[in-house]
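Scroll down for the structure; my scribbles are underneath it.
Letters A, B, ... mirror the listed sequences (proteins, then strands); counts begin at 1.
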Amino acid sequence: MNDLLFKLQLPEDFDLGACLEYMNRSPLECLFRTDEAGVSRMFRIEGGPLLVRLSVSEGHKLSVTRLHGAVPGALEQEQLARYIVEWFDLDRDLAPFYKLAAADPLLGPLASQHRGLRIIGIPDLFEALCWAILGQQVNLAFAYRLKQRLTAEYGEALEWEGQTYYRFPGPEVFAEVQVEELCTLQLTRSKAQTVLTVASLITSRELSREELLALPSPAAAEQRLLQIRGIGPWTSQYVRMRCLRDASSFPVGDVGLQNVIKFLTGMDRKPTPAELLELARPWQGWEAYATFYLWRALY
DNA sequence: CCCCAGGCATTCA
DNA sequence: TGAATGCATGGG
């Protein structure tokens, strides 16, 4: 079928291939499917599920095509476009980042090697919070497994051409769910409780992405998130980075980041948060991008 | 059996 | 305010 819905003009310093490499890092990823030249993802619009594929087309444009499902109206296409802009951070000018990276011994090689990679966002607040919560203090493979189970159990599935596509469940799905039920998916009690707390806050509109973005500063948004039990510094900084699109967010507690720095600098131990902050001084304003690129050295 | 993983809450000085 | 400790779970 392959209906072209619309095209988005891509910014300079965008390379879909570099983004796909990152997105392709786990075979357990269940919320989108990458191929050599693009990525497909399921959305839900008024008319039902909609399967969309993104790929690059002539003139440095991103083509958005409908593979299957409901036909989006003009308004829905605008929402979809907005989602994609946030997903790939398309409206950010990366020139300043590459300028500082070129002068940085740690970032320089990574910036050249992955040039055009952007922070792959998680525009939906509930999904972003859940992903961070699931990822607390477990290895990444297990975090993906937890997300996969949660999605398969509570999300929405769509079969098309022999593949299954999933959509992450909305927070309202968890209204009647008990902690014990989530624990059967191998979430710890604490993770299960935090997921339910967040689901309830978002469903009742006590918490929203719009509200967080409307706060005076990203730091204020972080403070707001920290008030929620089960959400600590790492989770709130991670959400700032992946959902609120704050390029200056710096998850210093991140063990992956610590390990990369240890590896790249040849330290015989992991750096302390204080040492990381010192190291990150030249990255002022771009700490999240620095972190994202540094993560690339891990896989 | 031990250590680690894209932490958090609690306690104690 | 900040360091130390307990905690929960699977993987290697």
From the options [options], select the nucleotide whose nearest atom is closest to the side chain of [X].
X: A/T188; options: B/dG7, C/dA8, C/dG10; value: C/dA8
X: A/Q136; options: B/dC8, C/dG10, B/dA5; value: B/dC8
X: A/R229; options: B/dT10, B/dA5, C/dA8; value: B/dT10
X: A/P233; options: B/dC8, B/dG7, C/dG11; value: B/dC8

Taking atom [atom2] of [N] as reference, at what distance in whole Å does atom [atom1] of [X] sit?
X: A/L187; N: B/dA5; atom1: CG; atom2: P; answer: 21 Å
X: A/L134; N: C/dA8; atom1: CG; atom2: P; answer: 18 Å
X: A/Q137; N: C/dA8; atom1: CD; atom2: P; answer: 13 Å
X: A/L185; N: C/dA8; atom1: CG; atom2: C1'; answer: 16 Å
X: A/L140; N: C/dG12; atom1: CG; atom2: P; answer: 13 Å
X: A/F142; N: B/dG7; atom1: CZ; atom2: C1'; answer: 14 Å
X: A/R145; N: C/dG10; atom1: CZ; atom2: C1'; answer: 9 Å
X: A/Q237; N: B/dG7; atom1: CD; atom2: P; answer: 12 Å

Exercise. Assign A/T235 to base, sugar-phosphate, or nothing according to its heavy-atom contacts below 4.0 angstrom with the strands shown.
Key: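 The answer is sugar-phosphate, as A/T235 gets under 4.0 Å only of primed atoms, P, OP1 or OP2.
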Exercise. Have a look at A/I231 and say if it touches a base, only the backbone sugar-phosphate, or nothing, with a 4.0 Å heavy-atom cut-off.
Key: sugar-phosphate
Quiz item: Pick the nucleotide of DNA chain B nearest each of A/G232 and A/V138; which residue has the one closer to the 5' end?
Solution: A/V138
Practice problem: Report the residue (A/Y144 or A/G230) whose heavy-atom-nearest nucleotide on DNA chain B is the more 5′ of the two. | Solution: A/Y144
Answer yes or no: does a side-chain N or O of [X] lie under 4.0 Å from OP1 or OP2 of [N]?
X: A/K270; N: B/dA5; value: yes
X: A/S190; N: B/dA9; value: no
X: A/N139; N: C/dG12; value: no
X: A/Q186; N: C/dG10; value: yes

Quiz prompt | Which residues share a ring pair (Phe, Tyr, Trp, His ring centres under 6.0 Å) with A/Y98, sequence neighbours left out | solution =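 By the ring pair (Phe, Tyr, Trp, His ring centres under 6.0 Å) rule, A/Y98 matches no residue at all.
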Exercise. Kindly state whether the ring of A/F32 and the ring of A/Y165 have centres lying under 6.0 angstrom apart.
Key: no
Exercise. Give me the one residue out of A/F168, A/F174, A/F126 that meets ring pair (Phe, Tyr, Trp, His ring centres under 6.0 Å) with A/Y154.
Key: A/F174
Quiz item: Using a distance-only test with no angle check, is there a side-chain donor-acceptor pair under 3.5 angstrom linking A/E287 and A/S249?
Solution: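 Their side chains do not contain a donor-acceptor pair, so the 3.5 Å distance test is not met.
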Exercise. Check whether the side chains of A/R41 and A/Y83 place a donor and an acceptor atom closer than 3.5 Å, and report yes or no.
Key: yes
